[in-house]
Asker: 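Before I ask anything, here is the structure I am working with.
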Amino acid sequence: MRLRNGIRLSAAGIMLLLATGFAWKKGQNTAPSRKPNIVIVLADQWNAQSLGYAGNADVKTPNLDRLAQSSVVLTTAVSSMPVCSPARASLLTGQYPLTHGVFYNDRPLRNEALTLAEIYKDAGYATGYIGKWHINGQANYEKQFAARNRAVPRDRRQGFDYWKAREVTHDYNSSFYFDENDVRHEWPGYDAFPQTDSAVSFIDRNKTNPFLLVLSWGPPHDPYQTAPEAYRKMYDPATLKLRPNVPDSLQARARKDLAGYYAHCTALDKSFGDLVAALQKAGVEENTILLFTSDHGDMLYSQGKVRKQKPWDESILVPFLMHYPAGLGKSKRILPVPFSNVDILPTLLGITNIRIPETVEGTNYAALLAGKQKPTGEEASLIQVPVPFHENNFLNGGKEYRGIRTKQYTYVRDLKGPWLLYDNAKDPYQQTNLIGSPAYAAVQAKLEKKLRQKLAEAKDRFLTADAYMKQWNYRYDGKDSLRVSGL
């Protein structure tokens, strides 16, 4: 078999290529004629259950549902540290937060980090980033959120050249961005719509060359009631079905917020449809790896909790679709294998046959996604919150924890010892904590052993929050360092 560079592979070489993870669709005898494009669509705070294809009959996501029918769908995709900046830095580096150092919002991803865009740029790709960034951070001496409204310098863009981004905003209807030259521009209207238009422009401009594009939307992150009116009118709070783990006392509030959340989801689904149409019109859909996911989920009052940084599924599980007809075929395949955002970079590199740098800590699941390997049943994703902060600070009940999510179980420890154990197959809403249950003693012991293994792989010693803040010379924001007396 002859590759693009003219090198001929032996049968052994072909097996080696497959081992790295690349696979072409059934019936093809050759790899795609050129490097595949990569488009990553990253939502903010979109949980795994708020999609039609995930079995949710209330939310309207027809475009994502349609794409799921010809994609690999990962139903146990995990945000390793389920909060904005850490999750984004892990996606870009393939590293755990305690390695890349962004385990606290608004702390900078170091320039020394080797990132997704830098790797693909070296491989000849045009690179582009549009939307929310949130890994430039602020200097240690600056006030909380000091960097959120200023331009990200060119040398802090981690390898992205086309640039229409802003550090952070959640005012989706009065939003601005900075371009490649640090010039400020306004996004007209609901910002996800013109951001997607910008993505379409990037695709049209680069359709004859390989490209990497990240489109990073701000919604459906709260505030929930700010989607365009036409989408808000689609949802009547009184008719929405809540998860059974939402307490009775919070159900009225949950329905109201859920209606607004779903309105954001449907508006974004419209934009996603526009993006897919643009790939088709440009003639590049077949040879484009289109990935849809989120940085973390949203509790939305399940377990009586809100938003993220929590170890329950509503917080840690995110959507994950990978659509790549030329390499993965056009048949829907559902994989329940735990897959972390730390695994995204090495898996993409495996699919595109690019050497995985030694700095990457995630696992290359390319062969598994391609159907060339079967799950072992021993896969597990590590969950970490080294430092609880901001709305999840110590005063609000936050605490340090580590855990794992397997296909069937969730197991979590805090600094005092085992905290949570759920059999998610029997208890999908995680309403019965099995820690200490005699019937699950062997399961708990096995999960404890697996957690220790994952911590060792991540070089995570599970120290106190103060120890990590001191190690990285970070300063707590506001009241984040304060503990409840006696705890």
Side-chain angles (χ1 to χ4, degrees), residues 38-40 42 44 83-95 97 99-172 174-187 191-192 194-195 198-199 201-202 205-206 211-218 221 295 341 345 357 359-360 389-390 469 472-475 477:
I38 301 171
V39 177
I40 299 173
L42 181 66
D44 191 348
V83 64
C84 298
S85 297
R88 291 160 187 272
S90 288
L91 188 158
L92 291 184
T93 63
Q95 295 177 331
T99 300
H100 58 61
V102 186
F103 52 84
Y104 198 95
N105 265 6
D106 302 283
R107 296 307 180 268
L109 178 62
R110 307 296 174 91
N111 279 1
E112 293 80 8
L114 180 60
T115 65
L116 171 80
E118 290 168 335
I119 295 168
Y120 278 97
K121 187 175 178 179
D122 284 347
Y125 280 64
T127 60
Y129 197 99
I130 301 165
K132 178 181 176 180
W133 183 239
H134 209 181
I135 55 169
N136 186 46
Q138 65 205 33
N140 210 30
Y141 58 83
E142 294 184 296
K143 292 182 179 179
Q144 184 175 350
F145 308 148
R148 289 192 168 191
N149 295 325
R150 67 186 180 214
V152 177
R154 188 179 301 274
D155 69 342
R156 298 282 302 129
R157 297 173 192 164
Q158 305 294 345
F160 290 100
D161 291 329
Y162 183 87
W163 186 258
K164 303 286 183 286
R166 179 175 173 183
E167 181 71 353
V168 186
T169 185
H170 295 298
D171 187 352
Y172 309 125
S174 181
S175 178
F176 63 83
Y177 68 91
F178 295 96
D179 66 16
E180 297 84 354
N181 299 310
D182 294 340
V183 177
R184 173 174 161 161
H185 305 267
E186 304 295 321
W187 291 119
D191 62 4
Q195 286 168 358
S198 182
S201 175
F202 177 89
R205 186 181 307 179
N206 292 282
F211 60 82
L212 163 71
L213 173 65
V214 177
L215 172 58
S216 176
W217 293 320
H221 189 294
D295 54 357
N341 47 5
L345 175 56
T359 56
V360 170
F389 59 80
H390 298 178
M469 295 297 278
W472 285 82
N473 192 32
Y474 290 161
R475 188 179 66 183
D477 289 335

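Values below: every heavy atom of this structure, side chains too, minus hydrogens, waters and symmetry copies.
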Asker: Please report whether the ring centroid of Phe103 lies less than 6.0 Å from that of Tyr474.
Answerer: yes
Asker: Decide, yes or no, whether a salt bridge links Arg157 with Asp179 under the criterion of side-chain N to carboxylate O below 4.0 Å.
Answerer: no
Asker: List the atom of Arg88, the atom of Trp217, and the distance in Å for their closest heavy-atom pair.
Answerer: NH2-O, 4.5 Å
Asker: Checking side-chain contact (heavy atoms from CB on, under 4.5 Å) between Leu116 and each of Thr93, Ile40, Ile38, which is the one that passes?
Answerer: Ile40
Asker: Would you please test His221 and Val168 for side chain to side chain contact (heavy atoms under 4.5 Å, CB included) and show each step?
Answerer: CA-CA 12 Å; His221 189 294; Val168 186; over 6 Å; no
Asker: Quick check against the 3.5 Å criterion: does Arg154 have a side-chain atom that pairs as donor or acceptor with the backbone of Glu180?
Answerer: yes
Asker: Looking at side-chain heavy atoms only, is the closest gap between Arg156 and Ile135 below 4.5 Å?
Answerer: no
Asker: With the side chain counted from C-beta on, respond yes when Phe202 and Leu215 share a heavy-atom pair under 4.5 Å apart, and no when they do not.
Answerer: no
Asker: Tell me, do Leu345 and Ile119 make a side-chain contact under 4.5 Å, heavy atoms counted?
Answerer: yes
Asker: Locate the shortest heavy-atom distance separating Gly137 from Ala147; write the atom from each residue and the value.
Answerer: O-CB, 3.1 Å
Asker: Evaluate the side chain to side chain contact (heavy atoms under 4.5 Å, CB included) criterion for residues Phe211 and Val39: first the C-alpha distance (whole Å), next the side-chain angles of each, then the deciding distance (0.1 Å), finally the verdict.
Answerer: CA-CA 8 Å; Phe211 60 82; Val39 177; 3.7 Å; yes
Asker: Whether the side chain of Thr115 engages the backbone of Leu92 through a donor-acceptor N/O pair (distance < 3.5 Å, no angle test) should be reported.
Answerer: no
Asker: Taking C-beta and beyond as the side chain, do Leu212 and Phe160 meet within less than 4.5 Å on heavy atoms?
Answerer: yes
Asker: Ignoring hydrogens, what is the shortest heavy-atom contact between Thr99 and Trp472? Give both atom names and the distance.
Answerer: O-CH2, 3.7 Å
Asker: Sequence neighbours excluded, which residues qualify as ring-ring contact (aromatic ring centres under 6.0 Å, His included) partners of Tyr104?
Answerer: Phe389, His390
Asker: Report yes if some heavy atom in the side chain of Ser216 is under 4.5 Å from a heavy atom in the side chain of Tyr129; otherwise report no.
Answerer: yes
Asker: Could you tell me which non-hydrogen atom of Ala117 sits nearest to which non-hydrogen atom of Thr127, and how far apart they are?
Answerer: O-CG2, 3.8 Å
Asker: Within this structure, what is the CG-CZ distance for the pair Asn140 and Arg107, rounded to the nearest 0.5 Å?
Answerer: 6.5 Å
Asker: With the side chain counted from C-beta on, respond yes when Gln158 and Glu118 share a heavy-atom pair under 4.5 Å apart, and no when they do not.
Answerer: yes
Asker: May I ask you to check if Lys164 and Tyr162 form a cation-pi contact, with NZ or CZ under 6.0 angstrom from the six-membered ring centre and within 45° of the axis?
Answerer: yes
Asker: Could you check whether any side-chain heavy atom of Gln95 comes within less than 4.5 Å of a side-chain heavy atom of Val102, counting everything from C-beta outward?
Answerer: no
Asker: Is there side-chain contact between Lys132 and His170, with at least one heavy-atom pair below 4.5 Å?
Answerer: yes
Asker: Kindly compute the distance separating CG (Asn105) from NE2 (His134), expressed to the nearest 0.5 Å.
Answerer: 4.0 Å
Asker: Distance from Asp171 atom CG to Asp191 atom CG, nearest 0.5 Å?
Answerer: 8.5 Å
Asker: Roughly how far apart are Arg475 CZ and Asn473 CG, rounded to 0.5 Å?
Answerer: 10.5 Å
Asker: Can you list the residues that meet the salt bridge (Lys or Arg N to Asp or Glu O under 4.0 Å) rule with Arg166, with sequence neighbours excluded?
Answerer: none
Asker: Hey, could you give me the CD1/CG distance between Ile130 and Leu42, rounded to the nearest 0.5 Å?
Answerer: 13.0 Å
Asker: How far does CG of Asp106 sit from CD of Glu167, to the nearest 0.5 angstrom?
Answerer: 6.5 Å
Asker: Can you list the residues that meet the ring-ring contact (aromatic ring centres under 6.0 Å, His included) rule with Trp187, with sequence neighbours excluded?
Answerer: Tyr177
